[in-house]
There are 2 protein chains.
Amino acid sequence: MTPLTTTTTTNPMNSDEFRRQGHMLIDFIADYHSNIEQYPVLSRVKPGYLRQLLPPSAPYEAEPIEEIMKDIQTHIIPGITHWQHPSYFAYFPCSSSTAGILGELLAAGFGVVGFNWEASPAATELETIVMDWFGEMLSLPKPYLFSGGGGGVIMGTTCEAFIVMLVAARDQKLAEIGKDKIGKLVVYCSDQTHCALQKAAKVVGIRPGNVRAVATTRAAAFALSPDSLESAVLADVEMGWVPLFLCATIGTTSTTAVDPLKPLCHVAKEYGMWVHVDAAYGGSACICPEFRHVIDGVEGADSFSLNAHKWFFTTLDCCCLWVKNPDALKRSLSTNPEYLRNQASDSGGVIDYKDWQLTLSRRFRSLKLWMVLRSYGVANLRSFLRGHVAMAKAFEKLVAGDDRFEVVVPRRFAMVCFRMTRTTPSSEGSDDDDDGDEGANNLMNKKLLERVNGSGRVFMTHALVGGIYLLRFAVGSTLTEAEHVMEAWKVIQEHADAIQGDYKHLY
Amino acid sequence: MTPLTTTTTTNPMNSDEFRRQGHMLIDFIADYHSNIEQYPVLSRVKPGYLRQLLPPSAPYEAEPIEEIMKDIQTHIIPGITHWQHPSYFAYFPCSSSTAGILGELLAAGFGVVGFNWEASPAATELETIVMDWFGEMLSLPKPYLFSGGGGGVIMGTTCEAFIVMLVAARDQKLAEIGKDKIGKLVVYCSDQTHCALQKAAKVVGIRPGNVRAVATTRAAAFALSPDSLESAVLADVEMGWVPLFLCATIGTTSTTAVDPLKPLCHVAKEYGMWVHVDAAYGGSACICPEFRHVIDGVEGADSFSLNAHKWFFTTLDCCCLWVKNPDALKRSLSTNPEYLRNQASDSGGVIDYKDWQLTLSRRFRSLKLWMVLRSYGVANLRSFLRGHVAMAKAFEKLVAGDDRFEVVVPRRFAMVCFRMTRTTPSSEGSDDDDDGDEGANNLMNKKLLERVNGSGRVFMTHALVGGIYLLRFAVGSTLTEAEHVMEAWKVIQEHADAIQGDYKHLY
């Protein structure tokens with residue numbers, strides 16, 4: 001149990017030293033979480049701050065952990081935007097938990113690389129089991145589960161899932177129409193679909209001009225209209241383009257809009273498209289029966305993904321992807337070099353996840369998902385999510401009760417889209433606001449957001465939809481309790497008062 | 001500090017509970033590392049073992065951590081192939097360390113998502129600093145460092161680096177020759193290049209038939225010959241193909257061959273290709289001056305990557321990629337949706353790493369690399385690597401001293417490629433072995449490997465190069481000491497004796 005010194009010859013995995021430092025780190029993290037409310041949510045450092053604080057080169061001699069942790073406290077923490085802060089309401093949450101963090105720790109402790117079954121059978125098998133468990137909790141149709149001929153895989157992020165799905169769909173389609181026809185392929189989505197889809201399409205060689213972001217409207221709560229999709233597809237087909245892929249979203253980034261799966265799948269299937277359902281944010285809610293309807297129609301799609309690190313307590317990274325036809329993935333992504341050959345793989349009786357994903361190496365991510373499911377159980381997990389939804393509802397009510405504000409789109413999950421209006425709040429569903437007024441409203445809300453975030457007491461982000469600059473209040477940080485929502489509203493109101501002062505001449 | 005019960009309403013990030021469970025987990029991992037030698041290196045479970053042991057569905061009520069950890073001990077550990085076992089000599093190591101594991105823990109504890117600067121300035125800035133530190137330790141030419149106009153980024157794996165580099169190169173080339181010319185592009189590598197390159201090329205839309213795996217020879221120790229490359233390129237250019245990309249490898253998977261960078265870059269540059277140096281395994285050694293020569297010529301390439309999780313104590317996943325021209329990446333991979341806009345990004349004065357990689361979300365991986373560099377320092381890190389090399393040298397000597405065996409290719413780093421020979425060992429550099437003899441030799445070595453791995457006392461893997469089935473003895477697991485190498489050699493010899501008995505009639 002001697003501390004590392006500058007002349008250590010201790011093995012870097014020495015158990016005593018690991019134990020000593022590990023306990024220190026656990027306490028450090030526990031203290032960080034206990035004290036997190038003392039920090040401004042949004043970091044206040046200026047660009048380049050850290051290079052001035054750290055030496056220009058790596059140390060030649062070892063440094064003791066105590067020194068490193070001191071620097072973490074004084075140099076790193078001020079540069080952190082505290083995603084786990086209870087007053088963090090920005091982007092989407094990256095909801096953590098004890099089980100999630102410790103699952104990650106355990107995976108790092110085992111240090112296995114489960115690219116194929118043999119490289120650690122438990123890593124592969126636990127993943128198949130947990131993905132079936134989770135799929136069942138979401139009431140995914142049987143064909144998405146291993147027990148129904150499909151199956152699930154854990155990736156890092158939805159961006160990877162997009163690339164993998166596009167590659168599988170692309171290769172399947174090119175096998176039909178000719179491998180030199182890649183320039184003909186068209187991908188469909190809405191103007192609310194996450195930008196990662198456009199990027200993924202570009203990565204796999206689809207021309208950026210061949211991604212159709214079908215326009216949505218406020219009247220339809222920014223959901224993709226099956227009729228608009230069909231018109232777009234028809235126009236393309238007439239021009240000789242080849243429909244390849246539709247991405248439908250359950251809980252869009254800007255407003256948590258829900259695309260209607262059933263009629264969209266109907267259109268897509270008529271034109272031979274692969275349908276992927278991106279439920280990165282909204283998917284988790286489907287473990288609650290009252291939310292399950294948002295993915296009605298998923299039986300007509302080909303693949304479905306959600307980010308358990310967003311709103312399922314599993315820490316970054318944990319994108320859960322289910323597919324009905326794993327063979328389509330394997331046809332595109334399999335490799336079989338001699339140096340990876342082994343009896344189990346040759347037998348064909350095992351899953352080698354390397355052939356389901358972009359990368360060869362993979363972390364033992366199923367451990368943390370398994371630990372989350374077991375540590376909390378379905379009952380608690382539902383109640384955690386319902387708690388977030390209830391807090392968002394309460395916030396929505398506060399907004400609706402203050403006539404300087406309006407709720408811009410109906411709340412669907414645990415995020416409220418709202419804004420200050422200096423004009424009469426525009427009626428819901430109307431798309432024909434006056435541009436000049438909107439311009440002033442938008443600027444005012446931008447200023448409000450800057451002030452609120454600058455206070456350090458709350459962090460929210462914005463979106464711009466249908467010409468409206470709106471503030472997104474996303475509840476879901478694990479430590480958030482009702483009091484933090486109330487406090488955030490107070491901060492927002494205070495700054496609204498100040499802003500109103502600035503704009504008084506207009507009222 | 002009450003344990004989780006089935007009716008918990010405790011917040012899943014409750015600090016007391018985190019502390020309690022965290023200390024348990026740290027002790028569990030420390031004990032696992034202490035006792036790791038009691039487990040067979042290669043797991044002995046049969047396919048499907050785990051589904052029989054776990055319930056068919058996730059629990060409805062919470063389960064206590066004690067229950068979960070009991071299952072980890074009895075159900076998960078038997079299904080683990082122990083990559084951190086000191087007698088693990090398979091594939092390449094995934095070398096762990098206290099600093100690496102705890103860096104991962106700390107990143108999970110902070111739970112930040114550093115896709116852009118604002119989302120946690122420390123995550124971005126520490127990464128730029130650490131990548132400059134590490135680049136300097138490797139004596140990478142200045143243009144690869146931020147301080148020299150280039151820069152580094154940490155990804156998950158080399159597979160991602162391949163995809164990113166290919167996309168950047170592809171888009172740059174298509175901008176020159178026309179965006180409909182993707183079918184003309186050709187990628188070059190050797191028949192020893194990692195299979196991930198072929199997969200990456202396929203992912204980005206390069207036709208599988210347009211990847212030229214130039215043949216290597218045993219005489220040239222399986223390195224890519226600049227002359228062979230030039231012949232291949234010339235033949236392609238004459239046929240109207242467009243050379244796009246060359247991947248050179250420093251430490252190939254099968255035999256740790258080193259491609260000669262200087263003359264290869266010379267050829268590639270003549271034909272306008274992007275050169276990527278894949279030093280996934282061999283790169284780390286370049287922190288030792290006596291190994292730095294293996295990347296001489298890297299100044300002529302465009303990008304360079306190594307896996308710090310392979311042989312640099314940083315735990316999966318940590319692929320370090322340096323590029324001379326980050327703008328080429330950013331041109332291909334940037335996204336700028338309104339919901340991610342912020343003042344810092346708009347100012348252009350900060351790095352938003354989302355535009356340097358495939359995915360949007362990213363873990364705080366630089367923490368673990370920083371902790372490894374500081375906890376051990378350059379001096380210890382060099383001595384750890386040299387220790388591995390010394391053990392490999394010792395093993396090589398043992399092999400060379402037993403006339404039933406031969407070293408198949410000269411050792412370069414910490415891996416020995418060897419085999420049993422029942423015929424007179426073929427002279428080094430000869431490619432014209434008799435096929436019948438080689439077939440029998442190969443079968444014998446395959447049997448030897450099965451027996452050795454089946455013993456549970458050692459885990460090695462194989463490769464097939466130039467028709468020769470060879471055994472790879474890769475030293476690099478952090479816990480490996482000289483005694484484990486001696487013990488492994490004893491196990492190999494014992495099984496060689498037994499095999500020799502089986503083959504006695506042939507001797």
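Every chain is numbered from 1 and lettered A, B, ... according to where its sequence line falls, protein lines coming before strand lines.
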Quick check on B:Glu125 against chain A: is it the side chain, the backbone, both or neither that has a heavy atom closer than 4.5 Å?
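For B:Glu125, heavy atoms of backbone and side chain both lie under 4.5 Å from chain A.
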Tell me, out of A:Leu373, A:Ile68, A:Val167, A:Val350, who's got the most heavy-atom pairs with chain B below 4.5 Å.
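Highest number of pairs under 4.5 Å: A:Ile68.
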Answer with yes or no whether the side chains of [Y] and [X] bring together a donor and an acceptor at under 3.5 Å.
X: A:Glu136; Y: B:Ser57; result: yes
X: A:Asn14; Y: B:His33; result: no
X: B:Ser34; Y: A:Ser15; result: yes

Taking [Y]'s backbone N and O only, do any of them form a donor-acceptor pair with [X]'s side chain (distance below 3.5 Å, no angle check)?
X: A:Lys199; Y: B:Ser334; result: no
X: A:Ser43; Y: B:Pro121; result: no
X: B:Trp83; Y: A:Ala119; result: yes
X: B:Arg341; Y: A:His462; result: no
X: A:Thr253; Y: B:Tyr339; result: no
X: A:Asn380; Y: B:Glu61; result: no
X: A:Thr98; Y: B:Pro12; result: yes
X: B:Lys202; Y: A:Ser332; result: yes

Side chain, backbone, both or neither: which part of [X] has a non-hydrogen atom closer than 4.5 Å to chain B?
X: A:Tyr32; answer: side chain
X: A:His194; answer: both
X: A:Leu42; answer: side chain

Would you call [X]-[Y] a salt bridge at under 4.0 Å N-O?
X: A:Arg19; Y: B:Asp31; result: yes
X: A:Asp317; Y: B:Arg362; result: no
X: B:Asp180; Y: A:Arg207; result: no

Looking at [options], which makes the most heavy-atom pairs under 4.5 Å with chain A?
options: B:Val113, B:Val112, B:Leu105; answer: B:Val113
options: B:Gly205, B:Gly111, B:Ala122; answer: B:Ala122
options: B:Trp370, B:Phe110, B:Phe313; answer: B:Phe110

